[in-house]
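Down below is the structure, laid out as structure tokens.
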Amino acid sequence: MSRREQIRMTTDEVVAYLAAQKVINVATMGPNGRPHLAPLWYVPRGEAVATWTYRKSQKVANLQRLPQATVLVESGDSYEKLRGVSMECDVELIEDTDAVAAIGTELLLRYSGEPTATEELKAGVAKQAPKRIGLLLTPTKVVSWDHTKLGGVY
């Protein structure tokens, strides 16, 4: 078996890894033909991820031209601990304010650790939602690696 086959994550492992991590790096194609890279918080949706961002952001302008992105989630501070997922994604722009608010609420709950949305959180999200757009990033290709599967042997 090749080393590549040994470190590839299964679909279930990818889903679990995405659920455990906190930041995705999203690359879209800028108007100058170069990648535009931005870190974002996200909510896992199986192998896909959802997030929100400002409607007037460069990444939204890029996605309106070309609704595709490459997403990277990675971790590990030494070679034998490297883990990650890179996904080429089709991106759906979600403009419905209620749907955007739902994503925003999920994000804030996930990152605050609160079990339910307080009235204060709901009010804050409601103020932000009209300025934002939701993004659903659905992978068309997934590449993964988990060097912990090698047991410290390269």
Side-chain angles (χ1 to χ4, degrees), residues 1-95 99-117 121 125 128 132-154:
M1 176 182 289
S2 75
R3 301 297 250 173
R4 179 72 195 105
E5 288 303 314
Q6 287 179 300
I7 64 172
R8 181 174 290 133
M9 291 185 207
T10 66
T11 299
D12 288 344
E13 289 170 331
V14 167
V15 168
Y17 182 74
L18 291 174
Q21 300 306 307
K22 296 288 188 175
V23 178
I24 56 173
N25 290 290
V26 178
T28 58
M29 290 307 291
N32 60 0
R34 292 180 182 253
H36 174 265
L37 189 60
L40 292 169
W41 286 357
Y42 68 96
V43 177
R45 297 267 195 276
E47 283 185 89
V49 296
T51 189
W52 72 349
T53 191
Y54 286 102
R55 286 180 183 271
K56 293 185 179 185
S57 68
Q58 182 62 55
K59 71 186 114 353
V60 170
N62 295 343
L63 290 167
Q64 287 170 331
R65 271 192 315 280
L66 179 64
Q68 299 173 344
T70 298
V71 173
L72 175 66
V73 182
E74 56 86 28
S75 61
D77 57 8
S78 61
Y79 185 81
E80 67 276 3
K81 295 178 185 174
L82 292 177
R83 297 176 75 209
V85 176
S86 176
M87 304 182 294
E88 293 178 5
C89 296
D90 288 337
V91 183
E92 178 186 349
L93 301 173
I94 301 167
E95 299 193 54
V100 172
I103 293 169
T105 299
E106 272 189 272
L107 283 166
L108 292 176
L109 287 174
R110 181 171 194 240
Y111 289 87
S112 71
E114 295 295 325
T116 59
L121 185 139
V125 168
Q128 287 292 316
R132 303 222 180 211
I133 192 166
L135 306 175
L136 180 61
L137 298 105
T138 303
T140 58
K141 178 181 179 183
V142 177
V143 177
S144 63
W145 54 95
D146 181 352
H147 289 210
T148 66
K149 292 181 173 188
L150 296 176
V153 179
Y154 325 130

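Side-chain contact check for L40 versus K59: some heavy-atom pair is nearer than 4.5 Å. Using a 4.5 Å heavy-atom cutoff, the side chains of H36 and P31 are not in contact. For the pair L135/W52, no side-chain contact is recorded, criterion being any heavy-atom separation below 4.5 Å from C-beta on. The side-chain heavy atoms of E92 and T138, taken from C-beta on, include no pair separated by under 4.5 Å. Contact annotation: the side chain of L66 never approaches that of T28 to less than 4.5 Å [non-hydrogen atoms, C-beta and beyond]. V73 has its side chain within reach of Y42: a pair of non-hydrogen atoms, C-beta onward, lies under 4.5 Å apart.
Here CG of L109 is found 5.5 Å from CG of L121. Values are rounded to the nearest 0.5 Å. Taking CG of L18 as the reference point, atom CE of M87 lies at 5.0 Å (rounded to 0.5 Å). Distance check: W145 CH2 to M9 CE gives 8.0 Å after rounding to the nearest 0.5 Å. Taking CG of D90 as the start and CD of E88 as the end, the distance is 10.0 Å to the nearest 0.5 Å. Rounding to the nearest 0.5 Å gives a distance of 5.5 Å between CD1 of I24 and OG1 of T51. Between atom CG of residue L63 and atom CD1 of residue I133 there is a gap of 8.5 Å, rounded to the nearest 0.5 Å.
Pairs of residues two or more places apart, or lying in two chains, that qualify as side-chain hydrogen bond (donor to acceptor under 3.5 Å, both in side chains) and include a residue from residues 63-78 are Y17-S75, N62-R65, S78-E80. Annotation: side-chain hydrogen bond (donor to acceptor under 3.5 Å, both in side chains) contacts involving residues 104-116, sequence neighbours excluded, comprise R45-E106.
The shortest heavy-atom contact between L136 and A50 is CD1-CB, 4.2 Å. In terms of heavy-atom proximity, L82 sits nearest to G76 at CD2-O, 4.0 Å. Taking each heavy atom of V100 and G134 in turn, the nearest pair found is CG2-N, 3.5 Å. In plain terms, the two heavy atoms of V142 and P139 that are nearest each other are CG2-CB, 3.6 Å. Annotation for P44 and A19: closest pair CG-CA, 3.7 Å, computed over non-hydrogen atoms. Taking every heavy atom of both residues into account, V60 and R55 meet most closely at CG1-O, 3.4 Å.
Counted within 6.0 Å of NZ on K22, heavy atoms from surrounding residues, nucleotides or ligands total more than 12; the atom is thus considered enclosed.
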What verdict does the salt bridge (Lys or Arg N to Asp or Glu O under 4.0 Å) test give for R8 and E13, after you've listed the backbone C-alpha separation in whole Å, the side-chain angles of each residue and the deciding distance to 0.1 Å? CA-CA 9 Å; R8 181 174 290 133; E13 289 170 331; over 6 Å; no
